[in-house]
Amino acid sequence: MTAPASLAALQRIMAHAHDIYRHEPQATARLDICAQRIQEPLRIAVAGAIKAGKSTLLNALVGEGIAPTDATECTRVVTWFRHGATPRVTAQQLNGLTMNVPVRRRDGGLTFDLGQLTASDVDRIDVEWPATRLSQTTFIDTPGTTSLSQEVSARTLALLTPDEGSPGADAVIYLFRSLDDSDVEFLRQISERVGGGAGPIGIIGVVSRADELGVGRLDAMHTARQAAKKFTRELELTGLCQTAVPIAGLIAFTAKTLRQNEFNDLRQLATVAPQDLELALLSADRFVHNDKLPIDPQGREQLIRRFGPFGIRIALTCLRAGATDSSSLVDDLLYRSGIGELEQVIDVHFGQRVEELKAHTGLLMLKEVFSAFPAPAVAPLIKEIARLIGGMHGFQELRLLAKLRSTRMTLTDGELADLQRMLGSRGTGAAERLNIEPFAVAGVGADTALAEIRRWRAKARHPLTDPFTAAACMVAARSAENMFAQLRTAVAR
Ligand SMILES: Nc1nc2c(ncn2[C@@H]2O[C@H](COP(=O)(O)OP(=O)(O)O)[C@@H](O)[C@H]2O)c(=O)[nH]1
Ligand SMILES: [Mg+2]
């Protein structure tokens, strides 16, 4: 299998390095940090412009309102969310001191009180929280990249693409509301670094606040989906991320934390004539101050805050379409929010490739140790790292998955879809790559893999195939060989 191979290579180089640096405690300490990093959960950073919905999306993924979404000082600081047995929030100051940060609950979410400190005094905030989702993944919330403050943008850049040291994150979810030049430029900088200088590894694009794209219509989500799809295609064509998905993070978060009184209020609201509702929902202010609506002012305020005008419209559409109890409303809202699709994409692109992504980061970390502590004996190791980053099969698959959409190829649409699947775009298991039912893998898997090897090799050799397509087909043939080897071993056992 490819995944453990990259990790095994990393460990082999690390063992060599330990040997070379055995009399250099500082270098050994850096190697230990690298080893430790490989043991940790995958680190996913959430990045994008200010108010793109980063913190809200992070909350939706974790299923709890732990990332502050208000405009206080703490949202200008890079914040790490890790799993911990008990809640604990600390600020790492630039002067090296650590401060315990008081946590306040506000509007059902958290806010962190930095006291006298300003964002420029703080290097980062560390949050330990007993949320199950955090035991597999550490999330890093970043301040906006296109905010007015250069300093705040610079911090996100320093985390993801530091001048010294390795990237703080193994993978990135990047949120867009439009295809802004500054976003494209920023993402290009990230992908150069995260991808080791040769294309992005581990970047997913999200078209965020997708509900708002369906402005002003009661069936907003349908229009939003159409608009989001078009935008998603444009985003994928930039080749800056492996894939892109439209998401309404606010709706996903509210659905995951829906309260009974909100369900009751929405049901009352669904009895109002559509034209009256449409008028009331023209703005948040109108809605909150409309005393004719059959819910009290507090309830109206809560609905607007938690759902937004678009979210309320969508919830009402779900209720009218037949959601009769709160759990079916939750399911419907989650489905419409797109969060399930994003979670699946995260699993396919990050979760199933966790070793590869971590090995990639680990190799970059080792490379930096070698340049910080030069020694003749590390020269061949530096060469090997360069070879691994360029040639490791899993890394090649990831880079190709990002590049395929933005590069013209001599393949039909159907062949391109098959090629992407073989490279693991739908999942890295045999059934997903070979496009067969999971129960059929044991029976016909090996034969199917063999046929795929032949198919992609033949395509690569075909005289009308251009060089890029040929190289891509050879990578797919390698993927099929790996599948074949795996399945044949399984049969032999
Ligand atoms: N309509 C809508 N609003 C959203 C969505 N996600 C976030 N918001 C709102 O956008 C604003 C900024 O959200 P926040 O998560 O703090 O953005 P950040 O600056 O990128 O972290 C808040 O008022 C959120 O309620 C969404 O999916 N749909
Ligand atoms: Mg934020």
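Sequence positions, counted from 1, serve as the residue numbers for this chain. Counting convention: from 1, in listed order, for ligands and their atoms alike.
Look at Ser55 and the Mg ion (ligand 2): an N/O/S atom of the residue is under 2.8 Å from the metal.
Taken from OG1 in Thr98 to CD in Gln92, the straight-line distance is 4.0 Å, to the nearest 0.5 Å. Rounding to the nearest 0.5 angstrom, the gap separating the CG atom in Leu42 from the CZ atom in Phe139 is 9.0 Å.
For ligand 1, the 4.0 Å heavy-atom shell contains residues Ala49, Ile50, Lys51, Ala52, Gly53, Lys54, Ser55, Thr56, Thr69, Arg209, Asp211, Glu212, Ala248, Gly249, Leu250.
Taking 4.0 Å as the cut-off between side-chain N and carboxylate O, Asp276 and Lys292 do not count as a salt-bridged pair. We find that Glu212 and Arg209 are joined by a salt bridge, their nearest charged nitrogen and carboxylate oxygen being less than 4.0 Å apart. Checked for salt-bridge contact, Glu278 and Arg313 meet the test: a charged N lies under 4.0 Å from a carboxylate O.
At least one cation-pi condition fails for Arg82 and Trp129: the charged atom is not both under 6.0 angstrom from the six-membered ring centre and inside a 45 degree cone around its axis.
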